[in-house]
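Written out below as structure tokens is the structure these notes cover.
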Amino acid sequence: MAFFSLLHSATYFPSHSETLFRPHSTASSTVRCTSQTTPSPAAPPQKHRRSDENIRDEARRRPQLQNLSARYVPFDAPPLSTESYSLDEIVYRSQSGGLLDVQHDFAALKCYDGAFWRNLFDSRVGKTTWPYGSGVWSKKEWVLPEIDDDDIISAFEGNSNLFWAERFGKQYLQMNDLWVKHCGISHTGSFKDLGMTVLVSQVNRLRKMNKPVVGVGCASTGDTSAALSAYCAAAGIPSIVFLPADKISTAQLVQPIANGAFVLSLDTDFDGCMHLIREVTAELPIYLANSLNSLRLEGQKTAAIEILQQFNWEVPDWVIVPGGNLGNIYAFYKGFHMCKELGLVDRIPRLVCAQAANANPLYLHYKSGFDQDFNPMKADTTFASAIQIGDPVSIDRAVYALKKSNGIVEEATEEELMDAMALADSTGMFICPHTGVALTALMKLRKAGVIEANDRTVVVSTAHGLKFTQSKIEYHSKNIQEMACRLANPPVKVKAEFGSVMDVLKEYLKNNESKW
Ligand SMILES: Cc1ncc(COP(=O)(O)O)c(C=O)c1O
Ligand SMILES: N[C@@H](CCOP(=O)(O)O)C(=O)O
């Protein structure tokens with residue numbers, strides 16, 4: 001590194017349609033869906049903000065949906081398991097050492113039908129109402145239903161652009177319904193903001209409850225650390241980040257430095273950093289912020305809900321997600337699954353997880369039919385540096401998501417991912433190499449005829465291209481060993497005089513005649 005209180009749920013009530021709040025009559029067993037579980041149609045109308053209050057004050061006056069709750073349970077627990085933990089406990093693993101999952105009270109959520117939830121979520125989009133101006137907290141009842149709005153730390157993340165990749169789709173893939181979900185056009189430039197707002201908000205709550213949390217820590221390939229340090233800085237909570245030395249981009253490195261995190265640059269790779277942070281957080285009152293902590297996935301799953309919402313609750317055929325530590329692929333599955341279970345949609349898309357060939361433990365596991373035991377690997381250097389991970393903590397979650405969604409795993413070589421990134425950029429995007437990995441998967445599946453011309457397909461773009469300019473510079477300078485860089489577009493050096501400029505331009509116009 002050279003340079004460098006339970007039941008405090010709140011809801012926005014659209015004033016136009018009280019029928020939205022009628023409890024769903026077919027709701028299931030343990031919860032009785034009575035008028036107590038739903039706001040009364042006579043609930044006072046939403047008042048506008050007074051001049052002496054801010055949006056948090058305004059939120060305190062709002063009526064709330066009652067009786068919703070969530071808790072930790074062992075991930076994929078057997079049906080008779082009774083093990084569970086309050087979200088106010090500090091726990092990352094089940095008794096058997098397995099992963100945890102946040103389980104919502106589906107019986108209570110089912111007191112409201114699919115139309116209710118669709119209308120509620122739609123009514124909150126594009127507002128500055130606290131905390132629903134956030135794409136994550138606009139789904140608060142499905143995320144952390146019991147947190148007080150006052151404890152939430154949000155940068156109004158989410159609500160990211162779902163970009164119609166018209167030219168890329170038509171010209172290179174003969175597709176007319178190709179979309180890129182730009183999760184990286186976000187507060188700290190990656191999808192990690194979606195999960196981090198949830199985790200840091202819960203930490204804020206725990207600290208107010210005097211739980212022993214002196215700071216929050218993570219291992220990172222650059223994006224988790226950026227999100228953690230920004231949200232902690234906003235909350236005034238210390239953050240500690242473990243980074244693999246010289247393995248993340250300069251833009252990523254400077255983010256936690258600027259946000260005042262305590263930054264450790266360690267002479268190891270991401271998996272080494274992950275190992276160390278797990279040991280440290282077991283010893284010290286530092287809260288673990290990696291996606292091993294299932295709270296993170298509650299925020300990340302809202303990107304899936306948002307995609308459905310952006311398609312007016314129509315389900316795409318495919319969603320392609322680049323995978324590293326493998327929390328996000330499960331988060332997408334969970335978001336889609338909840339929408340189906342709660343009646344917002346009637347099916348879920350097929351998921352594709354895309355890995356760099358240099359860091360492809362999930363791909364190899366998939367190719368073995370998921371039959372053998374999973375083998376972690378030592379990940380090689382890849383331009384998709386944020387997914388240079390050989391021992392993903394969420395391997396079990398990823399396998400589950402792929403099995404349940406009839407999913408596929410694909411891989412991309414360095415040349416494939418860099419060419420895909422350059423090709424996408426040449427059609428007006430400015431994507432990160434990880435999105436290049438996902439686009440390569442799309443191109444391969446399209447070529448194999450698995451994804452068809454008219455399939456509605458969403459590629460999840462996970463980080464902003466501006467975080468990865470060095471890889472683009474190397475590509476466009478043809479400065480990469482053993483890579484043709486066939487789409488390189490280097491600047492032309494020319495003398496600053498009319499004649500020279502004219503010569504170069506005439507040559508350029510002649511060579512590109514066919515394009516005009
Ligand atoms: C930019 C980017 N894309 C994709 C991923 C993969 O996400 P996950 O670790 O949840 O698989 C990461 C982090 O790992 C990332 O930072
Ligand atoms: N790409 C990640 C790797 C860690 O993933 P996490 O989701 O488990 O925090 C990063 O940016 O650090």
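For ligands, and for the atoms within them, numbers begin at 1 and follow the listed sequence. For the numbers below, each heavy atom of this structure counts, side chains included, while hydrogens, waters and symmetry mates do not.
Residue contact annotation: A386 has a non-hydrogen atom under 4.0 Å from ligand 2. Residue contacts with ligand 2 include R296, since one of its heavy atoms falls under 4.0 Å from the ligand. The closest approach between G327 and ligand 2 stays at or above 4.0 Å for every heavy atom of the residue.
The distance criterion of under 3.5 Å between nitrogen or oxygen atoms is met by T462 with respect to ligand 1. Considering backbone and side-chain atoms together, N290 places an N or O closer than 3.5 Å to an N or O of ligand 2. Annotation: L326 places an N or O atom under 3.5 Å from an N or O atom of ligand 1; distance criterion only. Residue F191 has no N or O atom closer than 3.5 Å to an N or O atom of ligand 1. The distance criterion of under 3.5 Å between nitrogen or oxygen atoms is not met by F270 with respect to ligand 2. Polar contact check, D223 against ligand 2: a nitrogen or oxygen pair lies under 3.5 Å apart.
For the side-chain contact (heavy atoms from CB on, under 4.5 Å) criterion with P349, the lone passing option out of D455, D317, V315, I320 is V315. With W179 as the fixed residue, the ring-ring contact (aromatic ring centres under 6.0 Å, His included) test singles out one of W318, F163, F311: F311.
Between the side chains of S160 and K181, at least one donor N or O sits under 3.5 Å from an acceptor N or O. For the residue pair E157 / Y231, a side-chain donor-acceptor distance below 3.5 Å is found, with atom types taken as modelled.
The proximity of T224 to ligand 2, defined as any non-hydrogen pair under 4.0 Å, involves the side chain as well as the backbone. With a 4.0 Å heavy-atom cut-off, ligand 2 is reached by the side chain of K192 but not by its N, CA, C or O. The proximity of N328 to ligand 1, defined as any non-hydrogen pair under 4.0 Å, involves the side chain as well as the backbone. The part of D223 lying near ligand 1 is the side chain, judged by heavy-atom distances below 4.0 Å. Looking at K192 against ligand 1, only its side chain comes within 4.0 Å, counting heavy atoms.
Listed by number with element, the atoms of ligand 2 under 4.0 angstrom from any heavy atom of S220 are 10 (C), 11 (O), 12 (O). Near N325, meaning under 4.0 Å from any of its heavy atoms, are these atoms of ligand 2: 4 (C), 5 (O), 6 (P), 8 (O).
Checked against a 6.0 Å centroid threshold, the rings of Y92 and Y287 count as neighbours.
For the residues I387, V393, T221, L326, the heavy atom positioned nearest atom 2 (C) of ligand 2 is part of T221.
Among all non-hydrogen protein atoms, the one lying nearest atom 6 (P) of ligand 2 is S291 OG, 3.4 Å.
A salt bridge links K378 with D269; the closest basic N to acidic carboxylate O contact falls under 4.0 Å.
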